[in-house]
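Just so we're on the same page: letters track the sequence lines, and every chain starts at 1. Keep in mind it's a predicted model, so treat the numbers as computed, not measured.
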Protein chains: 2
Amino acid sequence: MSWTRTAPALNALEPETRAMLDRLAPVEVPEAAVLFSPGQAVKGYVIVLEGHVGVHLIGPGGRDILLYEVAPGQSCIQSTLGLIGGADYSAEATATVPTRLVLVPRTLFLDLLDRSPGFRKIVFAAFAERMQAMMQLIETMSFMRVEARLAALILDRADAAGTLEMTQAEIARAIGTAREVVSRRLDRLARAGAIRAERGRIRIRDRAALEALVANPAV
Amino acid sequence: MSWTRTAPALNALEPETRAMLDRLAPVEVPEAAVLFSPGQAVKGYVIVLEGHVGVHLIGPGGRDILLYEVAPGQSCIQSTLGLIGGADYSAEATATVPTRLVLVPRTLFLDLLDRSPGFRKIVFAAFAERMQAMMQLIETMSFMRVEARLAALILDRADAAGTLEMTQAEIARAIGTAREVVSRRLDRLARAGAIRAERGRIRIRDRAALEALVANPAV
DNA sequence: CCCACCCATGATCAAGACCAATGAAGGCAC
DNA sequence: GTGCCTTCATTGGTCTTGATCATGGGTGGG
């Protein structure tokens, strides 16, 4: 009941709209569950309440790159895309941890979109934000070499203490390269004193050095 | 007067909405004019009436890649993005030929978005379509090698007779590589009998061969 | 006829993909 | 504790792709 209360973004909604959404039952999905895969039709608008979802493009040969991630309170742009434009999913979404989410059926979604300014605002703000991130991704992939991408990721995802808990394989997927390359790059960064690499963890030692790398991404 | 008549997509609009739009005066921009550049604030929603606009991401070092193109009747998603999300432009748009366009001011745009279901529908359909194309672009860049990208472009842009009038430099920008590479690849395709390369023009000779390349993009 | 633009080609070089083998740390069962 | 297994990481080596520099030839318009 009233799961909308747990999603801060939804607080600005009109009461009737919230009521309609609250009638939907959240769904629990286990870790590593595949929420959707390429080719499937979009069934509804997805709002993640708890947990974490990663959306990947899968290439032939099994390589995949992380398009974006969905945190609690956020929605999945692929779904929006499909509902508005009618396209099928072209990526794969998997829950990286046990996740709770709500699926707003297509008809309700379109109805709300038409009638609720607040809902519209939320949906489109999220849409725009994601889109922005995707353009960023294109830019990154086009113009930054792996080392710079790696530095950017470390700076971006490290916690306040300058620590990043990610396995090399995860990093590789996030920046779209092979694991070995990440290993080598990390090694170089470590030699240069920019970071300290541990098992499943990276500590920033020289933030400025990483920032310099990001600032000069010349391929 | 009544330029909305010339944009088929706008025919489905409510009469009042069309009337409001028709009050705006189209603008003429000369060939090679820069419509906007990275960092600029978004002034309004752009609808191209006539001509052709290319939107590029510019990297350090001058390299740039074609994000998408705007044909008559279409709008520029970067503008939509900025108006809804508040972000500045992150790409550069240039008119490739003399172009006529309409700029819907921000306030009117947001107002129409709120009040006109028809306008909303058009804007978001266009948004979704572009977004789809961008995902396609990411996929292409990630998983297709240059040869496959080249083949795809040839198939996609050739006219009914199987002829493509593009200079190698243009092709290079469109698929995000260097001109020399295009030259070499074209040469190989020509040797293989898939195409015939002439000055500023390419003729498809073996469509199936190109399609096979696109189908098997393994990096 | 000359000057832009377009194209071909060669040489070099770095990045990164891919394959393979090994080491090292942690978790678990017993 | 000991042994075993899984996950994570390191290292080496090979191979392709494609970026870049350089140079020369061709073509067409003014």
Over how many whole Å does the gap from Met141(A) atom CE to dA17(C) atom P extend?
->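 Whole-Å distance recorded here is 12 Å.
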Evaluate the side-chain proximity of Met166(B) to Ile202(B): yes if any heavy-atom separation is below 4.5 Å, no if none is.
->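 Answer no - side chains too far apart.
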Should the ring pair Phe124(A) and Phe124(B) be called parallel, tilted or perpendicular, given that the plane angle runs from 0 to 90° and is split at 30 and 60?
->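 The rings of Phe124(A) and Phe124(B) lie parallel, inter-plane angle below 30°.
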Partners of Glu92(A) by side chain to side chain contact (heavy atoms under 4.5 Å, CB included), sequence neighbours excluded?
->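 Applying side chain to side chain contact (heavy atoms under 4.5 Å, CB included) to Glu92(A) gives Val34(A), Pro38(A), Ile58(A), Thr94(A).
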Can you tell me the distance, in whole Å, between the CZ atom of Arg185(A) and the P atom of dT10(D)?
->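 Result: 14 Å.
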For Leu186(B) and dT9(C), what is the distance between atoms CG and C1' respectively, to the nearest whole Å?
->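 Distance check: Leu186(B) CG to dT9(C) C1' gives 14 Å.
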Find the distance Ile65(B):CD1 to dG18(D):P and express it as a whole number of Å.
->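 Going from Ile65(B) (CD1) to dG18(D) (P), I get 15 Å.
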Once you round it to whole Å, what is the distance between P of dA15(C) and CD of Glu147(A)?
->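 Rounded to the whole Å, the gap is 8 Å.
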Nucleotide N/O to protein N/O under 3.5 Å, stretch nucleotides 21-30 of chain D:
{"unit_1": "dC21(D)", "atom_1": "N4", "unit_2": "Glu180(B)", "atom_2": "OE2", "d": "3.1"}

Check whether any side-chain heavy atom of Leu83(B) sits under 4.5 Å from a side-chain heavy atom of Val104(B), and report yes or no.
->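 No, side chains not in contact.
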4.5 Å side-chain heavy-atom contact, Ile195(B) and Leu164(B) |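 A side-chain contact is absent here, since even the closest heavy-atom pair is not under 4.5 Å.
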Phe143(A) CZ to dA19(D) P: how many Å, rounded?
->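 That distance rounds to 12 Å.
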Using heavy atoms to find the nearest nucleotide of DNA chain D for Gly200(A) and Val146(B) separately, return the residue whose nucleotide is more 5′.
->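 Result: Gly200(A).
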With Ala151(A) via side chain to side chain contact (heavy atoms under 4.5 Å, CB included) - residues at least two apart |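 By the side chain to side chain contact (heavy atoms under 4.5 Å, CB included) rule, Ala151(A) matches Leu210(A), Leu213(A), Val214(A).
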Checking Thr99(A) side chain against His52(A) main chain: does a donor-acceptor pair fall under 3.5 Å?
->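 Checked: pair present.
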Could you check how far CD of Glu198(A) sits from P of dG26(C), rounded to whole Å?
->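 The distance from CD of Glu198(A) to P of dG26(C) comes to 10 Å, rounded to the nearest Å.
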May I ask you to evaluate whether Ser183(A) reaches the phosphate of dT10(D), defined as a side-chain N or O under 4.0 Å from OP1 or OP2?
->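 For dT10(D), OP1 or OP2 has a side-chain N or O of Ser183(A) closer than 4.0 Å.
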Which residue pairs pass the side-chain hydrogen bond (donor to acceptor under 3.5 Å, both in side chains) test when at least one of the two sits in residues 164-174 of chain B, sequence neighbours left out?
->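 Sorted result for residues 164-174 of chain B: Asp64(B)-Arg173(B), Glu165(B)-Arg201(B), Gln168(B)-Arg179(B).
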Rounded to whole angstrom units, what separation is found between the CG atom of Leu150(A) and the P atom of dA15(C)?
->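 After rounding, the reported distance stands at 14 Å.
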For residues 161-178 of chain B, which residues have at least one heavy atom under 4.0 Å from DNA chain C?
->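 By residue number: Thr167(B), Gln168(B).
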Could you check which of dT11(D), dA15(C), dA8(C) has an atom nearest any side-chain atom of Arg145(A)?
->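 Output: dA15(C).
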Indicate yes or no for a side-chain donor-acceptor contact from Arg185(A) to the backbone of Glu147(A) under 3.5 Å, with no hydrogens or angles considered.
->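 The answer is no, because no donor-acceptor pair under 3.5 Å joins these two groups.
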Does Glu28(A) use its side chain to pair, donor to acceptor, with the backbone of Pro98(A) at less than 3.5 Å?
->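 No, Glu28(A) side chain to Pro98(A) backbone: no donor-acceptor pair under 3.5 Å.
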Would a 4.5 Å heavy-atom cut-off, applied to side chains only, mark Thr140(B) and Leu153(B) as touching?
->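 Not in contact.
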Would you work out how much the helix from dC1(C)-dG30(D) to dC30(C)-dG1(D) bends between its ends, with each end axis defined by five base pairs, to 10 degrees?
->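 End-to-end axis angle for the helix from dC1(C)-dG30(D) to dC30(C)-dG1(D): 30°, rounded to 10°.
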